[in-house]
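Notes follow once the structure below has been shown.
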Amino acid sequence: MSIRLSTIWSWLALAVVLIWTLLPLYWFLKNSLLTPDEIARFPPPLYPLEPTPAAFFNIFGLDYEMADGIVRRGSGQANQIIRGLGNSLIVSAVVTVVTLFVVLPLAYVFARLDFPHKNKLLFAILLAVALPPVSTLIPFYAMYVRLGLSGTLVGLIIVTLTITIPFVTWMLIGYFRNLPQVERLARIDGFSRFETFLKIIVPQGRSGVAVAAVIAFLFSWNEYTYALMLVNGTTANTLPTAISGFLFQHPEPSHLAAAVALTMVPPALVAFFLQRHIAEMNLVDPVR
Amino acid sequence: MSRIQIDRLHKTFHRHVAVRDLDLTIENGELLVLLGPSGCGKTTTLNCIAGLETPTSGRVLFDDEDVTAASPHQRNIAMVFQSSLLYPHMTARQNIRTSLAKQKLDRAETDRRISEASSILGIEALLDKLPSQLSGGERQRVATAKAIVRQPTAFLLDEPLAALDAALRLTLRAELVNLQKRLGTTMIVVTHDQVEAMTMGDRIAVMNDGRLEQIGTPDEIYNRPATLFVAGFVGSPPMNLIEGEIVTQDGRTRFVSRDLTFEPKLAAGDAGPATLGIRPQHLHIHAEGRNGAVPVTVFAVEHLGRESVVILEDGGRNKLHALVEPGFAGRVGDRLHAAPDPTHCLLFDRAGSVLSHAAAE
Ligand SMILES: Nc1ncnc2c1ncn2[C@@H]1O[C@H](COP(=O)(O)OP(=O)(O)OP(=O)(O)O)[C@@H](O)[C@H]1O
Ligand SMILES: [Mg+2]
């Protein structure tokens, strides 16, 4: 009896969480498939009566002819969206690769080797994680204007790295620490320290590497605050800020919804292909 | 194959001394067991021989060649670690193959060696499994195969059987000794289990607190312990130790304890506090009191099948162990007398060094 009850409770909890997270997504997806007058209707339809992909064509600047002969025109924001998509992909890819390059050795060294002032340096990383990004926004902006980095992809990549690197390092230290202590085995087998890291530790910790990549990718993909401040309105604009442009345009809610749906595609793909690793990796507090 | 010499090896960790001025020679083809309690420096010594730790001072020589600065791989040693450590993300075969990764062998030779090693250890069927899919004993065999495949100059094993259950340990320790004798390769095994040490070692080096207490054959270690520590550490049930004093009177030397007087063959001048050691099989139980017997009370009787162990309590509430026939009829609380066989008594001075080897003379 008690088992039944607890099962019911966990199903109930699961249902609440799912509704909480999925309902807004559903609403957006639904809106992206509605015609403008369906969106304007009250009460709003709960599902698209005649789903149309028109908005997805429109946001890329393409006209779409409906079944009844009405042509829905391409969005004036299309250039912004296409460029934003390209920029976002570039920034996210570069940030992910650079983060992995820096973080894997860094986290490994913190997890497995002893060196002077290790704990102080560890807390410096924690401090970098703890700082809210907004607090560094103004200093970065001032600096970037002088360096000529505002409005550039390089500038945005650098700023994003200042967040992903400490965060992912912090996350991976505990993970690396829990891997079996195979370094001695590798020394007996004749591997150098670097070879051990590259050929033994990284393959052994591939779940951690995968999760690090996901976190770095998702963070830079979703990053909005810095992008708004540093690149909005320039050629280095990213997708999230480009979408926010819709808010100030002639209202076309289905375009906004379609663009938002577009931003969800890469994270969904990433999560889908790496879910096994994400589930495998149990995160551990690095300070013990 | 090689002869390993350790020359005044000293190792400290942040001023904590792990190994003190250790001198040790392991003969070519010998199986030496490093025995000692937890924390006495066995692993540290083994790691220095392997080249995983750098000695603070002292030298390690392989066949009279100084290898103190050489890497483990240059020394061409093979090592099996505590709890049979393997690379967890590699199959048994890949684990064994990694041993040869830096050997510059051609593929055919590598495969030949791997199949030879796995047939010696009977693990052919396990080669494509991951370590997590193997039992403790199977992991141990794979780790051993990984060690022998390289045809090393020496095998170094750090508590190779510690993580296994008792029955498996019995099987595997015989297998290890058999393997070592067949290959004729020098082997050093670290253990804190004295039964394992006695059964495996050609010689045993007993360590305590970073120092070498004694090195010798199992027979020497058991029958002629050089120090009180060795006497107490080796043997099960443990040697009985009776505190007392050596007094010289009228030109005769006597060992006198609370309940016992005993006249050993000793040089004068050994007078002072001393400890008498007697193995349980040399402590004889009598119903009546007699000269040279300690009055005791039976505390517990443990039947082991082939023999029984009686735990006795003397007047000072010290526990004494005696081995008796399985038909022993005594009950808890019985008052008896325990007489050490004088020819098997050992005496140790205050510093713990042995004074007489009555048994040997
Ligand atoms: N890396 C290290 N840093 C500091 N102290 C160490 C280190 N390695 C060993 N020690 C210390 O040196 C002493 C000897 O350690 P060692 O590991 O050699 O003991 P052991 O005889 O192998 O013990 P066990 O049977 O528990 O494995 C211990 O007191 C230990 O605390
Ligand atoms: Mg040890």
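To find a chain, count down the sequence lines: A is the first, B the second, and so on, and within it residues start at 1. For the numbers below, each heavy atom of this structure counts, side chains included, while hydrogens, waters and symmetry mates do not.
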Is chain A contacted by the side chain of B/N47, its backbone, both, or neither, given a heavy-atom distance below 4.5 Å?
side chain
Report yes if the distance between the aromatic ring centroids of A/F110 and A/F115 is under 6.0 Å, otherwise no.
yes
Find the one option among B/K146, B/H89, B/H73 whose heavy-atom pairs under 4.5 Å with chain A are most numerous.
B/H89
Of the listed B/L85, B/I77, B/V80, B/L156, the one with the largest count of heavy-atom pairs under 4.5 Å with chain A is B/L85
With B/R169, which of B/E159, B/E196, B/E175 fulfils salt bridge (Lys or Arg N to Asp or Glu O under 4.0 Å)?
B/E196
Any side-chain donor paired with an acceptor under 3.5 Å for A/S220 and A/T160?
no
Residue pair A/T136 / A/Y226, side-chain donor-acceptor N/O under 3.5 Å
yes
Parallel, tilted or perpendicular: which describes the rings of A/F217 and A/W221, with under 30° parallel and over 60° perpendicular?
parallel
Mark yes when over 12 heavy atoms from residues, nucleotides or ligands other than B/F13 sit less than 6.0 Å from its CZ; otherwise mark no.
yes
What residues of residues 180-192 of chain A sit under 4.5 Å from chain B when you count only heavy atoms?
A/P180, A/Q181, A/V182, A/R184, A/L185, A/A186, A/R187, A/I188, A/D189, A/G190, A/F191
Who among B/M90, B/R150, B/M79, B/Q74 has the most heavy-atom pairs with chain A under 4.5 Å?
B/R150
Quick one: side-chain hydrogen bond (donor to acceptor under 3.5 Å, both in side chains) partners of A/S92, sequence neighbours excluded?
none
What's the shortest heavy-atom distance between B/I204 and B/A197, and which atoms?
CD1-O, 3.5 Å
Taking B/C40's backbone N and O only, do any of them form a donor-acceptor pair with B/R211's side chain (distance below 3.5 Å, no angle check)?
no
Does some side-chain heavy atom of A/T263 sit less than 4.5 Å from a side-chain heavy atom of A/P240?
no
Heavy-atom proximity to chain A below 4.5 Å, by part of B/F81:
side chain
Do the ring planes of A/F176 and A/Y108 sit parallel (below 30°), tilted (30 to 60°) or perpendicular (above 60°)?
perpendicular
Mind checking which of residues 98-127 of chain B sit less than 4.5 Å from chain A, heavy atom to heavy atom?
B/T98, B/S99, B/A101, B/K102
Please list all pairs passing the salt bridge (charged side-chain N to carboxylate O under 4.0 Å, His left out) test where one or both residues lie in residues 70-86 of chain B, with sequence neighbours left out.
none
Quick check on the interface: out of B/G51, B/P88, B/A78, who has the most heavy-atom pairs with chain A under 4.5 Å?
B/P88
